[in-house]
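Written out below as structure tokens is the structure these notes cover.
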Amino acid sequence: MRFRILAWGPALLSLLSAVPLQAQTVNYGALEELFGEPVTTSATGSAQKVTDAPVEMEIITADDIRRSGADNIPDILRFVSGVDVHSYGATDADIGIRGYNSANTSRVLVLLNGRQVYVDYYSYTAWATVPVQLEEIRQIEVVKGPNSALFGFNAVSGVINIVTFDPVHDSVNEATFRGGTHNDQQVSAVSTVHLGDDAGLRISGSEHSLSEPVSTASMPASLGPYPSHATNHNVYMDGRAKLANGIDVATEFDVGEARQFELTVGGWPAPTNYGYNRERLQIGSATDLGYINLNVYRNWVRYTFSDGYDCASCTRLDDALFVTQLTDLLKPDVDHIIRLGLEYRNDRAGESIFGSEKIGFDLYAANAMWNWQMNPKMALTNSVRFDYMITRFSGFVDPAIAYTAQQYDGVVFMEPSFNSAFVDKLTDVDTLRVSIARGVQIPNYMDLFPQPNAPGFQYPSLQGTPFVRPSVVMNYEVDFDHDLPDILSKAGIAIFHQTNDNVLATSGDGGAPALGAAGSIAYARNVGSSNATGGELNFKGADEEGWRWKAGYALTYITDHLSVNLDPANPDSSLDPRRGTPTHSIIFGLGRTWRDFEADLSGRWQSSFDEIRVNGLSNAPQPAPLVRYHIGNYVTLNARLGYNLTQNLTMAVSGQQLNASSLMQTSAPLTERRILGSVSLHF
Amino acid sequence: MYQRLSWKGSILGRCGSVLLPALLYLAGACSALEPGSAWAAMDAKQVQIVAKVFSFLEKKPAAGAGIVITPNSADLAAAKSVLAADKIIEGPAANAGGAFAIFVTSAADAKTASGVNAGILTISDDLGCVEAGACILAIKTQPKVAIYVSRAAASKAGIEFDTSFKMLLTEK
């Protein structure tokens with residue numbers, strides 16, 4: 001393959017020089033209006049109609065978001081088939097796609113306008129730090145299955161790309177006040193300023209506070225006191241311009257703080273604080289070599305967890321990620337689209353918990369995508385990416401740990417990823433998609449590096465291992481979509497088989513010796529393989545009278561070949577995919593718009609599953625057992641009623657989990673019914 | 001299993017190498033399945049789409065530049081409704097002089113217009129006109145919206161579209 005790419009070089013260069021492209025950033029709204037369906041870049045990095053995308057994807061539109069009545073993204077994604085949401089606290093949630101969900105899951109990559117908001121140090125998404133307001137989201141793109149070949153490591157279960165409105169082409173000016181049960185108080189605002197025809201700036205911000213359901217009655221007392229409230233505030237700016245010389249410039253900046261109870265990696269409960277800021281600069285221009293885009297961003301997050309929020313004995317970690325991406329998108333002839341990319345990524349963490357130590361990695365990657373429109377009905381898309389990653393470690397390693405500083409430094413991973421898909425529009429209403437993909441999940445910092453809780457620390461010691469290997473996911477899939485114009489609906493079926501090798505058990509996943517007492521050590525390790533087989537059935541539609549409907553079913557059947565949790569009665573790790581994944585889930589939705597009223601009802605049923613978490617932990621040496629919790633099958637019903645009082649004023653009331661005042665959805669505290677009222681002023 | 005890629009003729013050939021061996025059978029069966037074509041006046045929906053396509057032109061039309069509607073080439077009322085009525089010029093292709101776009105019903109009209117105004121955007125309901133490289137733009141709305149552009153004709157006229165739009169249209 002390498003030879004072949006080299007051999008293409010001269011031919012490509014000659015083509016590039018002959019094929020100038022003009023460009024600007026993707027105008028999602030105008031393209032959707034033009035083609036009558038959403039447009040995405042999450043599948044290949046090139047703009048595509050959703051029905052042409054070579055991946056199984058679901059798009060949640062701005063209308064879907066508003067009518068959901070939800071005030072956060074995880075509660076919206078709960079009603080996507082194949083998506084599994086664990087709500088651990090008032091604002092803490094983890095999201096899995098096609099199984100394998102757990103606290104601080106590493107398997108779903110979350111992006112905001114294509115830049116990651118997923119944090120690299122423990123490899124998860126802290127949803128409370130995603131700065132976007134629901135009102136400024138154009139669409140949420142949910143890609144099911146690996147897409148590492150486009151986005152890199154950790155896009156193994158799927159990708160969630162949150163796309164905001166474009167401040168050049170779209171005007172979002174709205175202030176929303178929400179209040180409800182659990183002392184819920186929220187205010188958010190979004191405003192857009194157009195600077196001529198070719199530039200715009202959107203600014204948003206919010207303040208949110210609500211009661212946490214967690215208490216020492218439901219979680220280990222020794223890790224408390226737990227916070228009485230979750231709080232969150234942030235500011236986000238998104239500016240874009242097309243300069244007179246044809247150069248596109250985009251900048252984003254966000255800053256915020258969030259405090260919440262959360263279940264962390266391995267099922268450890270913790271009161272957590274986040275402080276964060278992110279900056280991005282993107283410059284693109286059409287050249288004789290194609291549309292060349294430089295994307296540079298920096299994410300900084302301070303992660304603090306403590307016995308309460310006073311930080312008297314807090315543990316703090318500062319993490320800074322710096323990413324540079326250079327891409328070239330070109331259409332050398334009428335049937336071929338090519339995207340070439342280079343990426344450099346640098347992540348460093350340190351400060352209080354590591355003392356003078358610094359941990360991190362440097363990553364170099366190259367990727368290529370080739371879309372071939374074989375004929376008007378058939379297309380083949382191939383993406384390939386190669387990552388070279390090297391760990392960086394400097395500082396002290398406790399002699400009781402089995403590895404040296406030299407061993408932790410300079411660990412190299414070289415991994416290829418690929419996606420290959422064939423799309424055939426069999427008829428005007430039928431589309432067949434066959435795909436194969438290889439995704440890679442890298443070990444996180446807890447897996448790779450020595451941790452501060454060394455022997456002698458108050459808790460049992462959980463340590464990384466320089467010899468732990470990435471987990472490799474292979475996905476084989478067939479999808480079939482069918483339009484039903486007579487009943488204004490679309491139906492689809494996806495069938496997949498997925499293999500997971502070198503499954504990672506982070507040191508936080510425990511092991512009986514580790515959690516037995518202070519002074520013992522547990523190391524991260526690869527614990528075997530796990531396979532998943534399943535699929536999704538989807539059906540949705542809408543008519544001109546304002547009715548809309550949706551239904552879906554997802555099956556995820558997992559078989560484990562792991563060296564942990566061999567005895568279900570005596571868990572020795574929180575890693576338990578087979579029993580930890582609900583095998584069946586059903587979603588449905590029904591709504592109606594009538595004059596100035598909107599009414600929507602959504603429901604979800606899922607089968608039972610188990611979750612294992614730490615149940616007790618003390619500052620004194622004593623057992624800290626892992627306990628298996630059985631979460632029975634449950635139904636949750638959400639509803640929203642909205643009324644437009646005037647063109648500029650909307651009132652709504654929504655309810656989450658209306659069918660039960662409290663419900664066991666995870667091993668964390670019970671999830672409680674929420675009722676929210678809102679007033680939105682459009683200006 | 002892998003065929004050698006060729007850059008001769010149509011790049012990579014119509015049906016050639018694939019990375020996914022399991023798909024070779026399907027790929028081998030591929031054939032050009034072009035929709036049928038016939039001359040007809042563009043209906044209101046097509047005209048609305050044309051109006052939206054104008055916003056993806058890299059070079060904005062000069063102020064005052066008109067749009068020529070040749071006889072029976074488009075729904076005139078719709079054109080006057082969605083395009084600026086004062087820019088509509090009803091008449092033959094020979095009137096294309098000061099216009100930036102023209103709706104035509106024949107390749108001959110398209111050639112006439114291009115002869116009068118080399119940079120004009122020629123628009124037709126007929127896909128065959130685009131395939132022949134006489135017209136630049138054709139629109140189909142059934143069963144789904146499809147936009148066809150002749151790369152050669154567009155290049156000859158110096159007309160360019162933005163990159164994201166270009167990735168979504170069908171070039172001939």
Side-chain angles (χ1 to χ4, degrees), chain A residues 1 4 7-8 11 14-15 20-28 30-31 33-37 39 41 46-49 51-52 246 284 286 290-291 329-337 370-378 380 382 384 418 420-422 424 428-429 432 434-436 483 485, chain B residues 2 4-7 10-24 26-27 29-35 45 48-53 55-60 139 141-152 155 159-172:
Chain A
M1 178 56 65
R4 183 165 296 170
W8 286 11
S14 64
L15 279 167
L21 286 177
Q22 298 298 312
Q24 60 186 44
T25 51
V26 178
N27 184 350
Y28 287 88
L31 291 172
E33 201 178 338
L34 189 58
F35 289 98
E37 61 175 300
V39 168
T41 60
S46 169
Q48 287 180 297
K49 291 179 277 185
T51 52
D52 292 342
Y291 188 77
L329 178 64
L330 56 143
K331 195 169 181 180
D333 76 3
V334 297
D335 295 323
H336 301 273
I337 297 172
W370 165 41
N371 174 265
W372 174 22
Q373 191 67 46
M374 301 160 73
N375 65 42
K377 292 185 178 293
M378 297 177 179
L380 181 69
N382 293 301
V384 63
F418 69 83
S420 187
F422 171 77
D424 189 348
D428 290 341
V429 294
L432 174 71
V434 184
S435 64
I436 180 171
D483 288 354
Chain B
Y2 299 111
R4 183 174 176 78
L5 299 174
S6 169
W7 291 93
S10 176
I11 295 169
L12 301 179
R14 297 297 296 175
C15 304
S17 169
V18 293
L19 282 181
L20 194 59
L23 300 175
L24 280 172
L26 289 169
C30 72
S31 59
L33 303 171
E34 306 292 350
K45 187 173 181 183
Q48 285 173 356
I49 290 170
V50 168
K52 289 169 186 167
V53 169
S55 67
F56 291 99
L57 288 169
E58 278 295 306
K59 292 176 190 168
K60 302 302 174 198
I139 306 288
T141 56
Q142 294 297 331
K144 290 179 179 174
V145 172
I147 298 169
Y148 300 89
V149 166
S150 164
R151 175 178 278 220
S155 175
I159 288 174
E160 292 169 352
F161 298 97
D162 91 358
T163 297
S164 55
F165 175 70
K166 197 166 183 172
M167 301 299 159
L168 290 159
L169 53 79
T170 305
E171 288 188 290
K172 297 291 182 183

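This is a predicted model, so every value here is computed, not measured.
Using a 4.5 Å cut-off between heavy atoms, A:D52 makes no contact with chain B at all. For A:V429, no part sits under 4.5 Å from any heavy atom of chain B, backbone or side chain. For chain B, the nearby parts of A:L34 are the backbone and the side chain; heavy atoms of each come within less than 4.5 Å.
Side-chain contact, A:T41 with A:Y28: a donor N or O sits under 3.5 Å from an acceptor N or O.
A donor-acceptor distance shorter than 3.5 angstrom exists from the side chain of A:K331 to the backbone of B:K166, with no hydrogens or angles considered.
Between A:W370 and A:W372, the ring planes are parallel. Angles under 30° get that label, and only those over 60° would be called perpendicular.
Chain A forms the most heavy-atom pairs under 4.5 Å with one residue out of B:V149, B:I147, B:L169, and that residue is B:I147.
For A:E37, the side chain to side chain donor-acceptor pair (under 3.5 Å) criterion is met by A:T51, not counting sequence neighbours.
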